[in-house]
Amino acid sequence: MTNYDKSSLSSSQLKALPSIVASRSVDEACKEAGISRNCYYEWMKTPEFREEVTRIREEILNEAIEHLKANTTKAVATLSALMDNEGSPAVQRSAANDVLNYVIKFREVQDFDKRLQEIEKSISNGGDA
């Protein structure tokens, strides 16, 4: 992302940013921000505004991910408790499947990350593995 001076955004743009990043659609964002669709699209053509929208959205996403990570232990404990629920074999099976699927997915991501790092290392070494 390019560095820019945030003060290059107008007061109208700064005021509209929260509505734009929080809305589910362009129409909703424009209505909440009190701007036209044309205005929205003109603003999005400017790198400074577009980058600020992206930066704020990434910040919101990162906060949500941190919240999810903070609740991982609780989620695992819940799945474990459900697997021990002897009153309902269907619940046990579902929880066990969830645990296995998450472990498999985690392993796939780890393997992918390892292969990607090896490729990046190879590229940075001029193609030598």
Side-chain angles (χ1 to χ4, degrees):
M1 207 179 282
T2 309
N3 290 334
Y4 62 90
D5 183 2
K6 195 170 164 181
S7 66
S8 65
L9 299 178
S10 72
S11 61
S12 297
Q13 288 173 322
L14 291 171
K15 182 179 174 187
L17 278 168
S19 299
I20 289 171
V21 298
S23 298
R24 293 185 222 180
S25 68
V26 172
D27 288 334
E28 183 181 307
C30 293
K31 183 178 178 182
E32 285 291 319
I35 60 172
S36 70
R37 286 175 57 91
N38 286 342
C39 179
Y40 169 86
Y41 287 113
E42 285 300 313
W43 285 355
M44 290 304 282
K45 288 179 186 178
T46 62
E48 296 83 8
F49 186 77
R50 189 175 54 249
E51 288 175 12
E52 186 63 7
V53 168
T54 300
R55 185 194 68 75
I56 293 171
R57 285 181 176 157
E58 287 175 0
E59 187 176 289
I60 291 168
L61 179 61
N62 287 337
E63 288 177 20
I65 289 169
E66 289 303 316
H67 183 71
L68 289 173
K69 285 167 45 176
N71 284 292
T72 301
T73 302
K74 184 177 178 181
V76 170
T78 299
L79 281 174
S80 296
L82 289 172
M83 288 190 332
D84 293 337
N85 182 348
E86 296 189 19
S88 177
V91 170
Q92 285 178 308
R93 182 179 187 281
S94 179
N97 274 330
D98 285 348
V99 169
L100 292 173
N101 286 328
Y102 295 137
V103 169
I104 290 167
K105 189 65 166 173
F106 179 71
R107 177 63 77 189
E108 288 173 352
V109 169
Q110 279 185 319
D111 290 345
F112 179 80
D113 187 50
K114 182 179 176 184
R115 290 194 323 259
L116 181 60
Q117 287 178 14
E118 289 171 0
I119 290 169
E120 289 174 340
K121 183 178 177 182
S122 176
I123 289 171
S124 69
N125 291 336
D128 298 329

Distance in Å, Asn62 CG paired with Glu58 CD, rounded so as to fall on 0.5 Å steps
7.0 Å
Of the non-hydrogen atoms in Val21 and Val53, which two are nearest, and what is the gap between them?
CG1-O, 3.9 Å
Is a side-chain donor or acceptor of Ser122 paired with a backbone partner of Glu118 at a separation under 3.5 angstrom?
no
Atom pair CG/CG of Leu79 and Leu100 - distance to nearest 0.5 Å:
10.5 Å
Indicate yes or no for a side-chain donor-acceptor contact from Ser23 to the backbone of Ile20 under 3.5 Å, with no hydrogens or angles considered.
no
Working to the nearest 0.5 Å, report the span between CZ of Arg115 and CD of Gln110.
12.0 Å
Only pairs at least two apart or in different chains count here, so list each salt bridge (Lys or Arg N to Asp or Glu O under 4.0 Å) that has a residue in residues 68-97.
Glu66-Lys69
State, with a plain yes or no, whether a side-chain heavy atom of Leu116 is found less than 4.5 Å away from one of Glu120.
yes
Taking the side chain as every heavy atom from C-beta outward, state whether Trp43 and Leu9 have any pair of such atoms under 4.5 Å apart.
no
Counting N and O atoms only, with roles assigned by atom type, does the side chain of Asn85 sit under 3.5 Å from a partner on the main chain of Ala81, one being a donor and the other an acceptor?
no
Identify all side-chain donor-acceptor contacts of residues 24-34 below 3.5 Å with residues at least two apart in sequence or on another chain.
residue, atom, partner, partner atom, Å
Ser25, OG, Glu28, N, 3.0
Asp27, OD1, Arg37, NH1, 2.6
Glu28, OE2, Arg24, N, 3.4

To the nearest 0.5 Å, what is the distance between CD1 (Ile123) and NZ (Lys121)?
13.5 Å
Under 3.5 Å, is there a donor-acceptor pair linking the side chains of Gln117 and Asp113?
yes
Please find the pair of heavy atoms, one from Lys15 and one from Pro18, that lie closest to each other, and give the distance.
O-CD, 3.4 Å
So, does Thr72 use its side chain to make a donor-acceptor pair with the main chain of Leu68 at under 3.5 Å?
yes
Once rounded to the nearest 0.5 Å, what's the spacing between atom OG1 of Thr54 and atom CE of Met44?
6.0 Å
In terms of hydrophobic clustering (I, L, V, M, F, W, Y; side-chain heavy atoms under 4.5 Å; direct or indirect links), are Met83 and Val91 co-clustered?
no
Would you call Glu59 and Arg55 a side-chain contact if the rule is heavy atoms closer than 4.5 Å?
yes
For the side chain of Ser80 and the backbone of Val76, is there at least one donor-acceptor N/O pair under 3.5 Å apart?
yes
dist Leu61:CG -> Ile65:CD1 (nearest 0.5 Å) comes out at 4.0 Å
Find out whether Asp98 and Leu82 are in side-chain contact, i.e. whether some heavy atom of one side chain is under 4.5 Å from a heavy atom of the other.
no
